[in-house]
Amino acid sequence: MKTPVTVLGLGAMGTALARAFLSAGHPVTVWNRTPGRSPELDALGAGRAASAAAAVAASPLVVVCLLVDATVRSTLDGVDLGGKTVVNLTNSTPEQARETAALLGAAEYLDGGIMAVPAMIGGPAAFIFYSGSAAAFEQHRDALEALARPEYVGADPGLAALYDIALLTGMYGVFAGATHALALAGSEQLAAGPFTERFLLPWLTAMLTSLPRIAKDLDGPRSETAGSNLAMQSAAYDNLIDTSVAQGIDPSLMEPMGELLRKAVAAGYGDADLAALVGVLRTAAG
Ligand code: FVH
């Protein structure tokens, strides 16, 4: 008998999670604010509860995937979570995760950060960060494996959110640059498809292979520069901004990186490479 699971929230992600639990043979009870959402789950064997409280009462393991942290708190306000393990997969800040863990009063609490889009759930590339109760993680590891590769990152409930947000900042940074590149290409009517497949994707892929070297520089003594010093990059960066403006493309996504390069050079890192920017960001925040 597999652990019965309740899924609160049948948005795109909650629906994918419920489907994965059903496919793995778990009895699944679902609840959603708007009734009747994702009717395909009924045919797969999900039971529908009329309220969040009734859904929680149905299973020892309660997986929550709602829009934002405030939604989780309002949905579970007044619901008896005694004896339950709550796994909250709603996107949140580390601070929100810590506060929600303390507020809910569940027997066990795990916070999670899903590194997948709904179509990836149950597939080999998906993984989910978990933090909070190590005992709950070990007890429910098998069930959680039905969703994605589980990565437990520590007892502090805020840690999973930190890992999640760090990866999302990396993703949005890459997409910001790619979005700008496509706008520039489009300013000369270049077709997005061939430009992306022949040039943009291979270029980004090649450049991202330098990340482990950057990480090595951050974790240990600085290695020899790879030949792309920051003074050179800062000087050339003005051309990115000037070209964008000349082509009628808003440069605002690109300007912050130019500003950071200038700061790094002014702080004496002109002959260093990209790893030095991490230190400059830390100094700027402090
Ligand atoms: N979808 C994705 O690509 C990402 C992947 C990584 C993780 N995120 C996070 O997952 C959370 C849920 O995302 P989602 O994709 O399921 O989002 P929606 O399809 O928009 O569904 C939202 C659900 O939240 C319910 N909801 C909204 N407001 C309330 C409320 N005030 N009270 C109760 N429930 C509420 C909504 O219900 P309804 O509108 O159908 O009644 C949906 O069930 C999210 O944190 C992502 O950042 C997804």
Side-chain angles (χ1 to χ4, degrees), residues 5-22 28-42 44 46-59 62-79 81 86-101 103-104 109-132 144-151 153 157-176 178-179:
V5 185
T6 284
V7 177
L8 300 180
L10 294 180
M13 185 52 84
T15 300
L17 300 176
R19 194 182 296 117
F21 281 129
L22 288 163
V28 174
T29 302
V30 296
W31 172 85
N32 192 62
R33 175 184 62 170
T34 306
R37 201 157 168 188
S38 304
E40 69 276 16
L41 294 175
D42 302 344
L44 294 172
R48 275 183 197 266
S51 65
V56 166
S59 316
V62 178
V63 174
V64 188
C65 192
L66 296 166
L67 190 59
V68 288
D69 181 68
T71 325
V72 176
R73 295 187 193 189
S74 61
T75 297
L76 290 175
D77 186 32
V79 173
L81 293 168
V86 171
V87 179
N88 182 11
L89 298 181
T90 307
N91 183 271
S92 70
T93 67
E95 204 44 43
Q96 286 170 342
R98 290 179 193 118
E99 284 174 11
T100 297
L103 204 78
L104 289 185
Y109 181 87
L110 277 171
D111 203 89
I114 303 176
M115 306 321 300
V117 296
M120 290 164 65
I121 293 299
F127 60 102
I128 300 181
F129 293 120
Y130 294 98
S131 64
L144 299 176
E145 272 173 359
L147 307 177
R149 190 180 84 241
E151 294 281 357
V153 291
L159 271 179
L162 184 80
Y163 277 75
D164 179 9
I165 299 285
L167 293 201
L168 290 179
T169 59
M171 179 192 81
Y172 279 114
V174 170
F175 277 118
T179 303

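As the structure lists them, so they are numbered: ligands from 1, and atoms in each ligand from 1.
Remark: ligand 1 and Ser74 share no N or O pair separated by less than 3.5 Å (distance only, no angle test). Taking distance alone, with nitrogen or oxygen atoms compared against 3.5 Å, Cys65 stays at or beyond that limit from ligand 1. The distance criterion of under 3.5 Å between nitrogen or oxygen atoms is not met by Ile114 with respect to ligand 1. Residue Gly11 places at least one N or O, backbone or side chain, under 3.5 Å from an N or O of ligand 1. Here's the thing with Pro118: none of its N/O atoms is less than 3.5 angstrom from an N/O atom of ligand 1.
If you take CD on Glu145 and CD1 on Ile128, they are separated by 11.0 Å, rounding to the nearest 0.5 Å. One finds the CD atom of Glu151 at 9.0 Å from the OH atom of Tyr163 (value rounded to the nearest 0.5 Å). A distance of 11.0 Å separates OG1 in Thr29 from CZ in Arg48, rounded to the nearest 0.5 Å. Once rounded to the nearest 0.5 Å, the distance linking CG of Leu8 with CZ of Arg33 reads 13.5 Å. The line from CG of Leu10 to CG of Asn32 is 4.5 Å long, rounded to the nearest 0.5 Å.
Residue-ligand proximity, Gly9 to ligand 1, at heavy-atom distances under 4.0 Å covers atoms 43 (O). Each of the atoms 43 (O) of ligand 1 lies under 4.0 Å from some heavy atom of Leu10. Ligand 1 places these atoms under 4.0 Å from at least one heavy atom of Asn91: 45 (O), 47 (O).
The two residues Met13 and Val117 make their nearest non-hydrogen contact at CE-C, 3.8 Å. The nearest pair of heavy atoms linking Ser92 to Ala97 is OG-CB, 3.8 Å.
In summary, Arg73 and Asp77 do not engage in a salt bridge, as defined by a charged side-chain N under 4.0 Å from a carboxylate O.
Around atom CZ of Phe127, more than 12 heavy atoms belonging to other residues, nucleotides or ligands sit under 6.0 Å away.
Evaluated for a side chain to side chain contact (heavy atoms under 4.5 Å, CB included) with Leu66, the options Leu89, Thr90, Asn91 yield exactly one hit, Thr90.
Between Tyr130 and Asp111, the side chains place no donor N or O within less than 3.5 Å of an acceptor N or O (distance only, hydrogens not considered).
Under the 4.0 angstrom criterion, atom 14 (P) of ligand 1 counts as having a protein heavy-atom contact.
Looking only at heavy atoms of the protein, atom 31 (N) of ligand 1 is closest to Arg33 NH1, 3.3 Å. Considering only non-hydrogen protein atoms, atom 24 (O) of ligand 1 sits nearest to Leu67 N, 3.2 Å. Among protein heavy atoms, atom 4 (C) of ligand 1 sits closest to Met13 CE, 4.2 Å. The nearest protein atom to atom 19 (O) of ligand 1, hydrogens excluded, is given as Ala12 N, 3.0 Å; this is a heavy-atom distance.
Residue contacts with ligand 1 include Ala116, since one of its heavy atoms falls under 4.0 Å from the ligand.
Only the side chain of Arg37 comes within 4.0 Å of ligand 1, judged by heavy-atom distances. Heavy atoms of Val68 found under 4.0 angstrom from ligand 1: none, in either backbone or side chain.
Within the set Ile121, Asn32, Thr71, the minimum heavy-atom distance to atom 30 (C) of ligand 1 is found for Thr71. Atom 44 (C) of ligand 1 has its nearest heavy-atom neighbour, among Thr90, Thr34, Leu66, in Leu66.
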